[in-house]
2 protein chains.
Amino acid sequence: MDVFDDLRRRLVSGDFAYGVKLRAEVLKNDYGCSASTVREALLRLSAMGLVEFQEQRGFRMPDQSPQRQHDITEMRILLESEGACRAIRRGGVAWEARLTAAHHKLSHIESRIAALGPGDDLRALWAGAELEFHQTLLSACGSATLIEMHLTVYYRYRQVQAEKDRKFLYLAENIQEHAAILNAAVNGDEAAMRRSILKHFERHLMPPGAAAPQPGPSLAG
Amino acid sequence: MDVFDDLRRRLVSGDFAYGVKLRAEVLKNDYGCSASTVREALLRLSAMGLVEFQEQRGFRMPDQSPQRQHDITEMRILLESEGACRAIRRGGVAWEARLTAAHHKLSHIESRIAALGPGDDLRALWAGAELEFHQTLLSACGSATLIEMHLTVYYRYRQVQAEKDRKFLYLAENIQEHAAILNAAVNGDEAAMRRSILKHFERHLMPPGAAAPQPGPSLAG
DNA sequence: TGTCCCGCAAATTTCGAGATTTCAAGTCTT
DNA sequence: AAGACTTGAAATCTCGAAATTTGCGGGACA
């Protein structure tokens, strides 16, 4: 497999601990290539936000902060709601069919995980099917830019959620939520779609009262 | 100046014609460095969507299609409206002050352009002030991710609008529209903010009835 | 005349060595 | 003892040459 694709896979699947250094000189051993080639992949990944890059200080896996997790989740809600609603407006029956198919595959894998427990092979299948479901959801939105930005955020989301993904926390909830999204799509119900997407993600938002870092000193100080 | 920053500047200011090849071997002459260093910058810029990259086929300036222009404009409306409204909710008087200052600088430059006509030095000043105004607008939104994605879209927008920017078409309109955005901000009026932002960009959207590429054969065929 | 195949030139990518910068430990000064 | 300076090893970045791939043009063949 390509260095870039495989590094991205590892970055979003919890192969690297948060904050660790990513040295091209070391990683080249995992691929049969030079450090320059790895460096090139890391540079591209850093432009996508999956790797932190500081000039003259190399590459790092990003830290996992609650704020970052919240931010990325919010962004996914925004882009995915918008994209899904546009897709409802433009999609038509062909889109509904594709989404139903994608959901069927995903749901099948999720059931097997629920029955057999997690395993590396099922995890890989799930990762592919989950991405395909959410990509299909937006596929008819009519905006290549929106689809592209959503994909960027999708990977960042997987990256900060990697620990939870690994254990399949919330598997039962996810099964229901994916079904709710599919239903909203085939019913052409935009409001239900926004509700379903919010429901799917809101447990990863920070509680509303949580510390807001933006304004200077706390008003209650 | 850094190769990466300068290439980005040139990419969004119309230095390159749409669709032309960008060869590291050639561009290295503009900077006192090797082709590898230029290649590295181009790779990062391609991850940001300002350069098209195809494996084994090198780099190109993206083509300018009406669809792409429409897409990017739509995305800017979405992100900028969302960010500005969040900033209204969280901003406070310090944010309003910074926005007023940024607007003052921008407005001053725009007036000078209206009086003296465009010129390379004013154009450079304008580019900096316009970016700063729109960045300040979102600066209090509380989401680093939203700010980052907006910046990505901002540069893409400038890239597809470069021809118009160069001639300062719509200068008079822009002056009014920037003022309207500032007003909505200091009044804390989210609905007015959304209206103002839409107004600022809608002339670059495709007309509502225009060809929608997504569905298969035209219904009217 | 048109098509296919081969080979050459140009473009792109990969590579490892050399130059530069960072980081940490140790030494000196106050 | 705290802080500033020195020093060397390790990490990072730059570079141009070598290897690979692409694309084009000429010639063979139907």
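All of these numbers come straight from a predicted model, not from anything done at the bench.
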Would you check if there is a donor-acceptor pair between the side chains of A/E130 and A/H178 at a distance under 3.5 Å? yes
Taking CD from A/E25 and C1' from D/dT14, how many angstroms apart are they, rounded to a whole number? 14 Å
Would you kindly give the CD-to-P distance between B/E52 and C/dT12, to the nearest whole Å? 14 Å
Is B/E52 paired with B/R57 through a side-chain N to carboxylate O contact shorter than 4.0 Å? no
Rounded to the nearest angstrom, tell me the gap between atom CG in A/L43 and atom C1' in D/dC13. 10 Å
Of the nucleotides C/dT13, D/dA11, C/dA11, which one has an atom closest to the side chain of B/R39? C/dT13
Does B/K21 place a side-chain N or O at less than 4.0 Å from the phosphate oxygens OP1/OP2 of C/dT12? yes
In sequence, state the C-alpha distance, the side-chain angles, and the governing distance for A/L45 and A/F59, and then conclude on side chain to side chain contact (heavy atoms under 4.5 Å, CB included). CA-CA 10 Å; A/L45 290 162; A/F59 303 93; over 6 Å; no
Set out, in order, the CA-CA distance, both residues' side-chain angles and the distance that settles side chain to side chain contact (heavy atoms under 4.5 Å, CB included) for A/F168 and A/N174, then state yes or no. CA-CA 9 Å; A/F168 287 104; A/N174 278 329; over 6 Å; no
A/T37, nearest nucleotide to its side chain (from D/dC13, D/dT14, C/dC15): C/dC15
Round to the nearest Å and state the distance from A/F53 atom CZ to D/dA11 atom C1'. 13 Å
Rounded to whole angstrom units, what separation is found between the OH atom of B/Y31 and the P atom of D/dT14? 15 Å
Test: A/R158 cationic atom under 6.0 Å from A/Y154 six-membered ring centre, within 45° of axis: yes
Picking from D/dT14, D/dT12, C/dT14, which would you name as closest to the side chain of A/R23? D/dT12
Does a side chain donor of either A/R76 or A/H134 reach within less than 3.5 Å of an acceptor in the other side chain? yes
Can you pull every protein N or O that's under 3.5 Å from an N or O on nucleotides 16-23 of chain D?
from: D/dG16; atom 1: O6; to: B/S36; atom 2: OG; distance (Å): 3.0

For the side chain to side chain contact (heavy atoms under 4.5 Å, CB included) test, which of B/H103, B/E132, B/M193 pairs with B/L137? B/M193
May I have the distance from A/Q54 (atom CD) to C/dT21 (atom C1'), rounded to whole angstrom? 14 Å
d(CG, A/L22; P, D/dC13) in whole Å: 13 Å
Could you give the CZ-to-P distance, from A/F4 to C/dT14, as a whole number of Å? 13 Å
